[in-house]
Amino acid sequence: MRYFLYAIVSLILPALGADFSFIGAFAQDDERRQFTFALGQPGTVLIRTWSYAGGVNSTGARIEAGGFDPSLSLFDSTGLLLAANRDGGCGKVAADPVTASCWDAFVAATLPSGWYQLVLTVSENMPFGPNLVDPFVYDGAGNFTAAPGITLPAGFWDFSPNRRNNSYAVDISGVDSAQLPLRPSIGALVNGASWQAGSAGPNTILTFFYRGLPGAQSLRVLIDGQSAEILYNGPTQLDFVVPPTAILNANALLQISSGGNLLLATPLQIVDASPALFTVDQSGTGQASVLNQDYTYNGAAGPAVPAAHGSILMVYGTGFGGANPAGQDGLSWLPAAVSATIGGLDADVTFAGLAPGYTSGLQQINIRIPDGCPAGAAVPIRLQLGGHRTQLGTTIAVK
C-alpha cells in the first residue's frame, strides 16, 4: 500500500481535516475491509462506524440501523497495531433501536503526519497479534457469527442472538485523503491529453491508473456528487470526464466506487480550465493530434502529411472548460476566447468548442497557420485560455 504515497500528486490537493465516508457490504462475515488514509501534518483523527445503530454520517447520508456489529483496528505504515475498538459505548456512538446496545466502533487518535491502515471486521474477528501481517481470530472461519443451525451464507448474527444484515458504514474524519482498496500507481491521476498532474477544469478527461482489482469491476465516478462520464474502464486504467457543470472548488471530492463499495475518496482541485492537447503517441509531447483542412492526418511521416501555410488545422484537446449550448450551426462554442501560437507566431482561431458528436471531454480548436511561420516536421504549437496554457513540447508539421 505504500504506492499510495505517490498518488497524492498536484491534481489531488490535500484538504486538511477532511471527512471521508465509506458505505458497503460484506459477502461473508470473516471478510476484512482495509482502508488507507494519509495525514499531511499531525492531527487528531476520528473514526467511527454507523453499521449497527445507523444514523447520519459525515456526508449527511442517513444510514439505516441493522448492520453487523463492527470492529476497527488501526495500524501505522509499518503494520504495527496502534488502536482497536469493538464497542464505542453509549457516550460516543448511538444506541441500536432494537437491542438498545451501543456496539458501533469508535477510535480517536492523535497521530503524526504519515499514512495509516485501518481494518474493519465483524466484532469478534479481532487481530491475533500486534502486526497487520498477523492473522485475525476468525480468518477463514466462514459463517462464524451464525446462530446454531443457521447455514445461510448471508446470515449475519450477533451472539445475542439478533439477526443483522451485512452492511457497513465508516467515517474517517480529520485526514487529507482515504481509500479502499484501489491502489494507485505512481503519478496515478493525470490529464488524459498531457499526461501531467495539475488542476482539472470542467470537460477535462482524466486518467487514473491503479494496481488492479480482482475480477471484472464496473466503476462509478462522482465529483462533488455529480456523476462523471466514464470513457474507459479497464483492469488497471480508468478514463473519465469532469462534468461540464462542475463547480470551482479547491477541495472537490472525487469518489470512485464499485457496486456498494467506495474504493477511493480523495480531494480534487476544480478550476475554470486546464487545457491540454492530445498527441499522436499518447505521451503528451511531440506530434499533436491534428487534422489538416482536407481531413488528412497532420504529420511528417506517411500516411500523415504536413499542412500548407494559410490552411486551417483542426486541433484536439481537453480541459478547455465549459461550453455554450449548441447554436443554429449545431456547434457548441467555448464561452471564453482561445488564442494560439504556431512557430512562435500568433495564429487566428476560427472555432473553439466541443468536438461535434463526441464526449464533452473532447474539444476541437480550428486554427489558421500563419503565412510567416517556419516550415518543418516539428513546429511548436501552443494554445492559451485565460491564464492557462497547453503543455510545452507539442508540435505540428508545416510544409
Side-chain angles (χ1 to χ4, degrees), residues 1 4 8 14-26 31-63 65 67-96 101-127 130-132 136 166-182 251 253 255 257 260-267:
M1 297 297 292
F4 170 75
I8 311 304
L16 299 178
D19 298 337
F20 299 92
S21 294
F22 298 85
I23 300 171
F26 280 9
E31 290 183 28
R32 305 185 205 174
R33 290 291 184 273
Q34 185 169 322
F35 307 84
T36 303
F37 64 84
L39 281 173
Q41 61 187 35
T44 299
V45 177
L46 300 178
I47 309 166
R48 63 160 299 166
T49 67
W50 302 90
S51 310
Y52 192 75
V56 178
N57 70 6
S58 62
T59 68
R62 176 161 294 281
I63 310 300
F68 58 81
D69 179 5
S71 288
L72 295 172
S73 303
L74 177 63
F75 300 83
D76 68 12
S77 60
T78 70
L80 179 66
L81 182 64
L82 301 178
N85 182 259
R86 288 181 57 175
D87 300 322
C90 292
K92 296 176 180 176
V93 299
D96 178 70
S101 298
C102 303
W103 286 353
D104 272 300
F106 180 90
V107 173
T110 300
L111 302 171
S113 61
W115 65 280
Y116 299 87
Q117 300 172 89
L118 176 72
V119 178
L120 169 72
T121 55
V122 177
S123 180
E124 298 81 11
N125 196 20
M126 299 290 288
N131 297 291
L132 183 57
F136 279 56
N166 58 349
S167 64
Y168 67 80
V170 181
D171 277 355
I172 304 175
S173 301
V175 303
D176 295 337
S177 57
Q179 66 169 17
L180 155 159
L182 208 57
N251 296 303
L253 180 61
Q255 296 173 296
S257 60
N261 289 317
L262 181 61
L263 304 178
L264 176 72
T266 194

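For the numbers below, each heavy atom of this structure counts, side chains included, while hydrogens, waters and symmetry mates do not.
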Query raised in the report: For residues 68-95, which residue pairs qualify under ring pair (Phe, Tyr, Trp, His ring centres under 6.0 Å), counting only residues two or more places apart or in two chains?
Result: F26-F68, F68-F156
Measure across [X] and [Y] and return the closest heavy-atom pair with its distance rounded to 0.1 Å.
| X | Y | value |
| --- | --- | --- |
| N125 | E31 | ND2-O, 4.4 Å |
| M126 | A84 | CE-CB, 3.8 Å |
| P70 | L120 | CB-CD1, 3.7 Å |
| R32 | L132 | NH1-O, 4.2 Å |
| L74 | I47 | CD1-CD1, 4.4 Å |
| D104 | N85 | O-OD1, 4.4 Å |

**Report entry** Pair F35 and F22, ring centroids less than 6.0 Å apart
**Finding:**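 Yes, they do, as the ring centres are separated by less than 6.0 Å.
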Quick one: list whatever passes side chain to side chain contact (heavy atoms under 4.5 Å, CB included) with [X], sequence neighbours left out.
| X | result |
| --- | --- |
| A108 | L46, F106 |
| S21 | N57, S58, T59, D171 |
| A65 | D96, P97 |

Nearest-0.5 Å distance that lies between atom [atom1] in [X] and atom [atom2] in [Y]:
| X | Y | atom1 | atom2 | result |
| --- | --- | --- | --- | --- |
| Y168 | I23 | OH | CD1 | 9.5 Å |
| R86 | T121 | CZ | OG1 | 9.0 Å |
| L81 | N131 | CG | CG | 8.5 Å |
| Y52 | D87 | OH | CG | 9.0 Å |
| I172 | T49 | CD1 | OG1 | 11.5 Å |
| R48 | K92 | CZ | NZ | 11.5 Å |

Query - Partners passing side chain to side chain donor-acceptor pair (under 3.5 Å) against S113 (at least two apart in sequence or in another chain) - result: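 S113 satisfies side chain to side chain donor-acceptor pair (under 3.5 Å) with no other residue.
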Requested in this report: Please identify each residue that fulfils side chain to side chain donor-acceptor pair (under 3.5 Å) with D76, with sequence neighbours left out.
Outcome: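 Side chain to side chain donor-acceptor pair (under 3.5 Å) check on D76 returns T78.
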Query raised in the report: Does the pair F136 and V119 meet the rule for a side chain to side chain contact (heavy atoms under 4.5 Å, CB included), with working shown?
Result: CA-CA 10 Å; F136 279 56; V119 178; 3.8 Å; yes
Query raised in the report: Can L82 and L111 be said to form a side chain to side chain contact (heavy atoms under 4.5 Å, CB included), step by step?
Result: CA-CA 10 Å; L82 301 178; L111 302 171; 4.1 Å; yes
Query raised in the report: Taking S123 for the side chain and S71 for the main chain, is one N or O donor matched with an acceptor at less than 3.5 Å?
Result: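 Checked: no pair found.
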